[in-house]
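Here is the structure we will look at, set down as structure tokens.
Quick caveat, the model's predicted, so the values are computed rather than measured. Values below: every heavy atom of this structure, side chains too, minus hydrogens, waters and symmetry copies.
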Amino acid sequence: MVETPSAGLHGSVLDRLGMLITSGALPAGEVLRIEQLEARFAVSRSVIREAIRVLESMGMVRSRRRVGVTVAARPNWNVFDPQIIGWRLEGDGREEQLRSLGELRRGLEPVAAALAARNATPAQCGALTGAVMEMAVHGRSGDLEAYLAADIRFHRTLLEASGNEMMGALSGVVAAVLAGRTHHDLMPAHPEPVAIRWHAEVAQAVQSGDAEDAERAMRDIVEEATRAMLEPG
């Protein structure tokens, strides 16, 4: 398929531009010239335009006639976009981003767990238990990528089981946090058994309809994860 190389180029340029903007190397107010970007990245104009289109949809740049493409200030960014979160985790602002995400999770996931105890379907309860079992298996073997996939599935299911569509819509944000922790070496080689136990306690509390226990165990999970990311080692 002819689209594959183009898609690869577009993704590469998008990532590089996103990193330059989130790191401040391309500061707010800077005008981006299409022809200069073509030369800088050695790609076609169509590839640059597609990358700019995506950045504009994220609020990171603005296109205006007779002005061109201008880097937007951070308050205009869609800071919940998982790609922006990923770029920020790659740069010098990682600790600030981790702290912000940890605070968000503290306010979000314990409440979602309590709601899930009231609203989860039998299928969702089964998915939570299954994800915990996979986390236990992969945690013992040290397969962090497989552990990550199960962990993401657990938290996505929990947010969706809350019955609150806005909480469910934030599952991509939580997935980006979990992926960032794994891919930036902020996870131990073998995940903490206590963290897996807390996940199991959440699953059990949700299944039994115990909102208080579900909220408590989820708060323990979030506190431990945030502390581990901000104070590695």
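To the nearest 0.5 Å, atoms CZ (Arg153) and OG (Ser171) are separated by 13.5 Å. Here the CD1-CE distance, from Ile196 to Met135, works out to 6.0 Å after rounding to the nearest 0.5 Å. Atom CG in Leu159 sits 13.5 Å away from atom CD in Glu165 (nearest 0.5 Å). Atoms CG and CD, from Leu170 and Glu160 in turn, are 11.5 Å apart once rounded to the nearest 0.5 Å. One distance of note links CH2 of Trp198 with CZ of Arg216; it measures 9.5 Å at 0.5 Å rounding. The CG atom of Leu89 sits 12.0 Å away from atom CD of Glu95, with the distance rounded to the nearest 0.5 Å.
The two atoms that bring Ala217 and Val202 nearest to each other are CB-CG2, 3.5 Å, heavy atoms only. Considering every non-hydrogen atom in both Ala113 and Val206, the closest pair reads O-CG2, 4.0 Å. In terms of heavy atoms, Glu109 sits closest to Val222 at OE2-CG2, 4.0 Å. What you find for Ala131 and Ala150 is that their closest heavy atoms are CB-O, 3.6 Å. Contact record, Ala214 with Ala117: CB-CB, 4.3 Å, taken as the closest heavy-atom pair. Annotation for Gly59 and Ala72: closest pair O-CB, 3.3 Å, computed over non-hydrogen atoms.
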**Message:** Assess the residue pair Val13 and Glu50 against the criterion (side-chain contact (heavy atoms from CB on, under 4.5 Å)); give the C-alpha distance rounded to whole Å, side-chain angles, the decisive distance to 0.1 Å, and a yes or no.
**Reply:** CA-CA 9 Å; Val13 171; Glu50 178 59 20; over 6 Å; no
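Side-chain contact between Ile52 and Val61 is present, with heavy atoms from C-beta onward closer than 4.5 Å. A heavy-atom distance below 4.5 Å is found between the side chains of Gln83 and Leu14. Considering only heavy atoms from C-beta on, Arg118 comes within 4.5 Å of Leu115 through its side chain. At least one side-chain heavy atom of Leu148 sits less than 4.5 Å from a side-chain heavy atom of His183. Looking only at side-chain heavy atoms (C-beta outward), Met60 and Thr22 come within less than 4.5 Å of each other. For the pair Ile21/Trp87, no side-chain contact is recorded, criterion being any heavy-atom separation below 4.5 Å from C-beta on. By the 4.5 Å heavy-atom criterion applied to side chains, Met218 and Leu158 are counted as neighbours. In this structure the side chain of Phe41 reaches within 4.5 angstrom of the side chain of Arg16, judged on heavy atoms.
No more than 12 heavy atoms of other residues, nucleotides or ligands shown are found within 6.0 angstrom of CD on Glu212. Arg62 CZ: 12 or fewer foreign heavy atoms inside a 6.0 Å radius.
The residues Glu103 and Arg99 are annotated as not salt-bridged, no charged nitrogen and carboxylate oxygen being separated by less than 4.0 angstrom. In summary, Arg197 and Glu192 do not engage in a salt bridge, as defined by a charged side-chain N under 4.0 Å from a carboxylate O. Ionic pairing of Glu223 and Arg106 is present here: one or more N-O contacts between side-chain nitrogen and carboxylate oxygen are shorter than 4.0 angstrom.
Among the candidates Arg181, Arg105, Arg219, the single residue satisfying the salt bridge (Lys or Arg N to Asp or Glu O under 4.0 Å) test with Glu224 is Arg181.
Side-chain atoms of Ser100 never come within 3.5 Å of backbone atoms of Glu96 as a donor-acceptor pair (strictly under, hydrogens ignored). Using modelled atom types, one side-chain atom of Thr129 and one backbone atom of Cys125 make a donor-acceptor pair closer than 3.5 Å. Counting only distance, with no hydrogens or angles, the side chain of Asn119 and the backbone of Ser162 share a donor-acceptor pair below 3.5 Å. The closest donor-acceptor contact from the side chain of Ser208 to the backbone of Ala205 lies under 3.5 Å.
Under the 4.5 Å side-chain heavy-atom criterion for grouping Ile, Leu, Val, Met, Phe, Trp and Tyr, Val177 is connected to Phe80 within one hydrophobic cluster. Cluster annotation: Val194 is connected to Leu128 through the hydrophobic network of ILVMFWY side chains, with a link wherever side-chain heavy atoms come within less than 4.5 Å.
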For residues 28-40, dump all side-chain donor-acceptor pairs below 3.5 Å to protein atoms at least two apart in sequence or in another chain.
residue	atom	partner	partner atom	Å
Glu38	OE2	Arg45	NE	2.8
Glu38	OE2	Arg45	NH2	2.9

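Checked by atom type, the side-chain pair His138/His190 shows no donor-acceptor distance below 3.5 Å.
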